[in-house]
Structures are given as structure tokens and as C-alpha cells.
Protein chains: 2
Amino acid sequence: MVRPNAGTKGVPRLDRETQILDIASEQFGTHGFAATSVATVADKAGISKPLIYNYFGSKEGLYEACLDRGGALLADEIERIARGEAVGIERGMATLAGMFTLLEPQPYLWRLFFDPTAPSTGAIADSINGYAERIGKLADEGVTELMRLAGNDDPLDISAMTAVWLGIVDSLMNWWMEHPEESAEQMMQRCMRLLTALFGGDSE
Amino acid sequence: MVRPNAGTKGVPRLDRETQILDIASEQFGTHGFAATSVATVADKAGISKPLIYNYFGSKEGLYEACLDRGGALLADEIERIARGEAVGIERGMATLAGMFTLLEPQPYLWRLFFDPTAPSTGAIADSINGYAERIGKLADEGVTELMRLAGNDDPLDISAMTAVWLGIVDSLMNWWMEHPEESAEQMMQRCMRLLTALFGGDSE
DNA sequence: TCATGGTAACTTACCCAAAGGTCATATCAG
DNA sequence: CTGATATGACCTTTGGGTAAGTTACCATGA
């Protein structure tokens with residue numbers, strides 16, 4: 001039997017894995033875990049499905065690999081900003097600026113960690129929770145500080161405010177994905193204008 | 001052949017449809033369109049799958065029926081508030097209060113219209129867009145007014161701010177779903193406190 | 001009063017396509 | 001010849017959708 005291309009491409013495993021992860025991250029991030037099929041990822045990479053299973057074991061394994069690569073990136077950046085000296089709203093804006101810069105080439109990465117169609121139990125959930133908690137914890141920290149400055153330390157208030165903050169970031173990322181022509185710099189200036197509109201011009 | 005229960009329940013169609021819609025709305029709203037199976041809905045209703053197909057035609061038909069019932073409710077309420085005299089932040093808070101009251105028994109209804117796993121083309125998308133636009137248009141209107149008061153009329157700024165506003169409502173609804181013990185009244189007071197924390201205490 | 005027949009409510013058992021996952025095998029460099 | 005890269009063909013499960021039949025009830029007419 002003739003199999004014209006089997007084994008002939010000779011792409012080193014690491015290169016291939018990187019390529020697959022790039023494509024898979026984009027698919028998962030744009031369409032969600034449930035709506036992404038392994039066959040589609042294979043197609044876009046120009047390879048066959050079994051190769052992906054050979055390298056990543058399962059669809060969940062593939063997703064996990066995407067999470068590990070993207071999560072480290074995100075969490076490291078947010079942690080770096082958290083170590084800065086900004087507090088309150090300023091810290092929020094600094095975090096946003098960092099996110100925009102980091103995610104300029106791939107805003108969909110953010111959605112990997114807030115995908116409602118991802119499995120909510122098992123190894124994947126653990127991995128997601130690991131990063132989401134790492135991100136969420138820093139958000140919580142920032143929000144707690146902001147609320148303390150305002151004299152509010154009700155745990156439920158803080159919890160709700162954190163959810164709102166993450167929701168804001170989420171909707172900005174979604175909006176950005178629908179306006180890909182915007183640069184990170186433009187997004188940041190836009191956010192500053194929105195803030196100004198809300199606070200009436202003296203947000204420093 | 002013996003079929004012990006066929007046709008014996010004698011529940012009138014309208015009653016049965018209402019019951020099915022209740023269950024389906026909850027499932028769709030909680031788990032999303034993609035992750036909800038018709039068989040599960042049938043199970044929870046204590047009936048068989050074909051009865052649902054008999055009454056609603058297809059999974060999409062069922063979803064559409066949920067949308068029609070819930071959408072009218074939501075859009076009417078938001079429109080009612082829009083006719084009020086509140087503007088700017090106040091209008092936002094009034095809308096929130098209305099949403100909380102309306103959705104007290106079923107916060108998941110909100111998510112029906114912002115479900116990323118729902119089909120993005122076809123009859124369903126039209127129905128979704130109809131209501132989402134009706135809701136979104138009012139949001140846009142309110143935001144436009146708010147921004148105008150602040151001297152900003154950039155269309156993209158307004159578009160982004162609207163997205164953020166809807167994202168805020170969305171995250172509050174999600175938070176509420178995770179804290180079902182909260183009453184609408186409590187949610188509203190919580191939101192007022194969050195607003196106060198942000199604005200430093202003089203937000204009417 | 002009681003057969004008759006129409007209709008609404010309801011079910012079992014099945015079909016089929018999509019998608020996750022596997023197996024045996026092919027190519028080729030060293 | 002071995003091991004890394006790679007594939008076509010297949011298996012299996014899940015879930016949307018359907019065909020065909022069953023039960024209960026009610027209206028009608030003798």
C-alpha cells in the first residue's frame with residue numbers, strides 16, 4: 001500500500017509540538033474547549049490526528065499543555081506587576097497595561113483560563129484552577145487593598161468586586177479580539193479615557 | 001409488547017411545555033447550549049426525548065423557545081427602566097436593581113443571551129441577536145449618554161464601554177449564581193457598596 | 001349503554017454523523 | 001536495523017434526530 005507522506009517530513013518533535021500548541025491555543029481560546037476538535041487542529045497544522053495523540057496523549061492533555069505554556073506567561077506577568085508599588089485603581093490599570101502588552105499577539109490566550117466549556121473536574125480542572133487561582137489570588141489581593149483604602153473589608157464584597165474586576169478584564173479581551181486592528185498601546189489609552197469618563201477627569 | 005407508561009400521564013401540552021422550558025432554561029443557562037443534552041432535559045422532566053422533539057422540533061427549537069420566553073421578560077424590563085429619568089451611573093444602577101429583582105428566582109436566564117457556545121448562525125443566532133441587540137442597544141444608549149456627560153463621544157470608546165458594562169452585569173450574575181443565598185435586595189446593596197468604594201462615597 | 005373511531009399524549013427501539021481515541025504500518029536518517 | 005516521525009483505517013461513544021407503535025380519553029351514533 002502506498003502512503004505518500006508517512007514519516008517523510010522529518011520535523012523535530014519540539015518544533016512540531018510548538019507549532020501544534022500555537023494552533024491549539026488559538027482554537028481553544030477562540031472557540032472554547034468543547035467546540036474545538038482535535039481533527040481540526042491536526043488539519044490546520046497540516047498533520048494527522050494520531051501524531052497529536054502521540055505527542056499529547058489526549059484532547060485534555062493537549063489543552064493542559066496549552067494552559068501550562070500560557071498560564072506561566074500570564075501569571076508571571078501579573079505577579080511581576082503585583083510586586084510593583086501601584087495600589088488601588090492604579091494597580092488595576094498597571095495590570096491591564098501589562099496584559100495588553102503581553103497579549104498583543106494573542107489576546108485569546110486569556111480565555112483559556114476562563115472557558116466555561118472546559119471540563120470542571122479531573123486533571124484539567126486542577127491545572128486550570130492552579131493558574132486561575134494564581135491569577136485570581138493576585139486580583140483578590142489588589143481588590144482587597146483597593147477596598148481597604150475605601151474602608152470596606154467585607155469578604156463577600158471583596159469576592160464580588162474581584163469577580164467584577166475579572167469580568168471587566170474578560171470583556172476588554174473579548175472586545176479586543178473583535179477589534180484586532182487595535183494595538184496594545186491604543187487599548188491602554190482607550191481604557192484611560194474610559195476611566196476618565198467614569199471618574200470625571202481626576203484619576204491619579 | 002408491553003409498554004407500561006405510554007400515553008398514560010395525560011398532562012396537557014401547555015403544562016408540559018412550561019415544565020420542559022423551565023428545566024431547559026435552567027440547564028442551558030447553567031451549563032450552556034453545547035454542554036446541555038436533550039436527553040438530560042427529558043430525564044429531569046421525567047419524560048422521553050421524542051416528546052420534546054414532538055413539541056419543539058429540535059434542540060435549537062427548544063433553545064429558541066427558552067429565548068423567547070426569557071428574552072421578552074428581560075428586554076421589557078430594561079426598556080421600562082430606560083423610559084425612566086435616571087441617567088449616567090444612576091441609570092446603570094437602576095437597571096441593575098431591575099435585573100436583580102426580575103432574576104431573583106432564576107439568575108441563569110441572563111446567560112441564555114450571552115452563551116458563547118450557542119450557534120452563531122441560523123435561526124437561533126437571529127433570535128439571540130434580536131434580543132441581545134435589544135438589550136445591547138439599550139445598554140449602548142445608556143452608555144452613550146454617560147459618555148456624553150463626560151464629554152466623550154468616540155464611537156469605539158462607547159462600544160468598548162458598553163462591552164465592559166455588559167461584562168460587569170454578566171460577572172455579577174455569575175457571582176450571584178455561585179451565591180444563591182443572596183436576595184435581590186442584598187445584591188443591590190452590595191453593588192451600592194462596591195460603587196461607593198470605587199467613587200469614594202458620594203455617588204448619590 | 002356501549003361499540004367505534006379519532007386524537008392527544010407518550011414511549012421503545014432504532015438510525016446516523018461527529019468526534020475522541022487506537023492500531024498496525026510506512027518512511028527515512030544514522 | 002533501530003528509533004523517530006508520520007499516517008490511513010478503524011473502533012467506540014455520544015448525542016441529535018426519527019419511525020412506528022401504545023395508551024387514554026372523549027365524542028358520536030345506535
Side-chain angles (χ1 to χ4, degrees), chain A residues 1-21 23-24 27-28 31-66 115 117-124, chain B residues 1-21 23-24 27-28 31-66 115 117-124:
Chain A
M1 189 187 299
V2 175
R3 292 190 192 174
N5 286 317
T8 60
K9 295 175 188 166
V11 177
R13 175 164 185 159
L14 274 182
D15 293 3
R16 192 59 98 190
E17 283 181 347
T18 303
Q19 181 207 6
I20 294 173
L21 285 182
I23 293 171
Q27 293 293 311
F28 284 136
H31 308 297
F33 179 81
T36 297
S37 89
V38 178
T40 303
V41 175
D43 267 8
K44 300 225 173 216
I47 57 170
S48 67
K49 208 171 45 161
L51 191 60
I52 294 185
Y53 280 90
N54 190 21
Y55 286 170
F56 297 99
S58 65
K59 186 185 183 180
E60 302 209 351
L62 179 59
Y63 195 70
E64 235 183 302
C66 292
D115 180 359
T117 73
S120 54
T121 59
I124 251 201
Chain B
M1 190 187 299
V2 175
R3 294 189 193 174
N5 284 318
T8 57
K9 296 175 187 167
V11 176
R13 175 163 185 158
L14 274 182
D15 292 4
R16 192 59 99 189
E17 283 182 346
T18 304
Q19 180 207 7
I20 293 173
L21 285 182
I23 294 171
Q27 293 292 311
F28 284 136
H31 307 298
F33 179 81
T36 297
S37 88
V38 178
T40 303
V41 175
D43 268 9
K44 300 226 172 213
I47 57 170
S48 67
K49 206 171 46 160
L51 191 60
I52 295 185
Y53 279 90
N54 191 21
Y55 287 170
F56 297 99
S58 65
K59 186 184 182 182
E60 302 209 351
L62 178 59
Y63 194 71
E64 235 183 300
C66 293
D115 180 358
T117 73
S120 54
T121 60
I124 251 199

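Quantities reported herein were computed from a predicted structural model and do not represent experimental measurements. Throughout, protein chains are lettered first and strands after them, A, B, ... in sequence-line order, and every chain is numbered starting at 1. Note that these values count all heavy atoms, side chains included, but never hydrogens, waters or copies made by symmetry.
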Taken to the nearest whole Å, CZ/B/Phe33 to P/D/dG15 is 13 Å
On the 0 to 90° scale, with breaks at 30° and 60°, tag the A/Tyr63-A/Phe28 ring pair as parallel, tilted or perpendicular. perpendicular
When rounded to whole Å, the CG to P distance for the pair B/Asp15 and C/dA8 reads 16 Å
Residues in residues 50-64 of chain B with a heavy atom under 4.0 Å of DNA chain C, by number, are B/Pro50, B/Leu51, B/Tyr55
For B/Ser120, the side-chain contact (heavy atoms from CB on, under 4.5 Å) test, sequence neighbours excluded, returns none
One should read off an interatomic distance between B/Asn54 CG and B/Arg13 CZ, to the nearest 0.5 angstrom, of 6.0 Å
Atom NZ of B/Lys9 and atom C1' of D/dC25 are separated, to the nearest Å, by 17 Å
Q.
Mind checking if B/Ser37 touches a base, just sugar-phosphate, or nothing, with heavy atoms under 4.0 Å?
A. sugar-phosphate
note: B/Glu17, atom CD; C/dC10, atom C1'; distance rounded to Å ~ 14 Å
Any heavy-atom pair between the side chains of B/Ile20 and B/Arg16 that's under 4.5 Å?
yes
A/Ala118 and A/Phe33 have their tightest heavy-atom pair at CA-CB, 3.9 Å
Checklist entry - Below 4.0 angstrom from OP1 or OP2 of D/dA6, is there any side-chain N or O of A/Arg13? => result no
Using a 3.5 Å cut-off and no angle test, enumerate the donor-acceptor pairs between side-chain atoms of residues 34-53 of chain A and protein atoms at least two apart in sequence or in another chain.
from	atom 1	to	atom 2	distance (Å)
A/Thr36	OG1	A/Gln27	O	3.2
A/Thr36	OG1	A/Gly32	O	2.8
A/Ser37	OG	A/Thr40	N	3.1
A/Ser37	OG	A/Thr40	OG1	2.8

**Study point:** Donor-acceptor pair (no angle test) under 3.5 Å: A/Lys49 side chain, C/dG21 base
**Key:** yes
Q.
Under 4.0 Å, heavy atoms only, any strand: does A/Thr36 hit a base, just the sugar-phosphate, or nothing?
A. sugar-phosphate
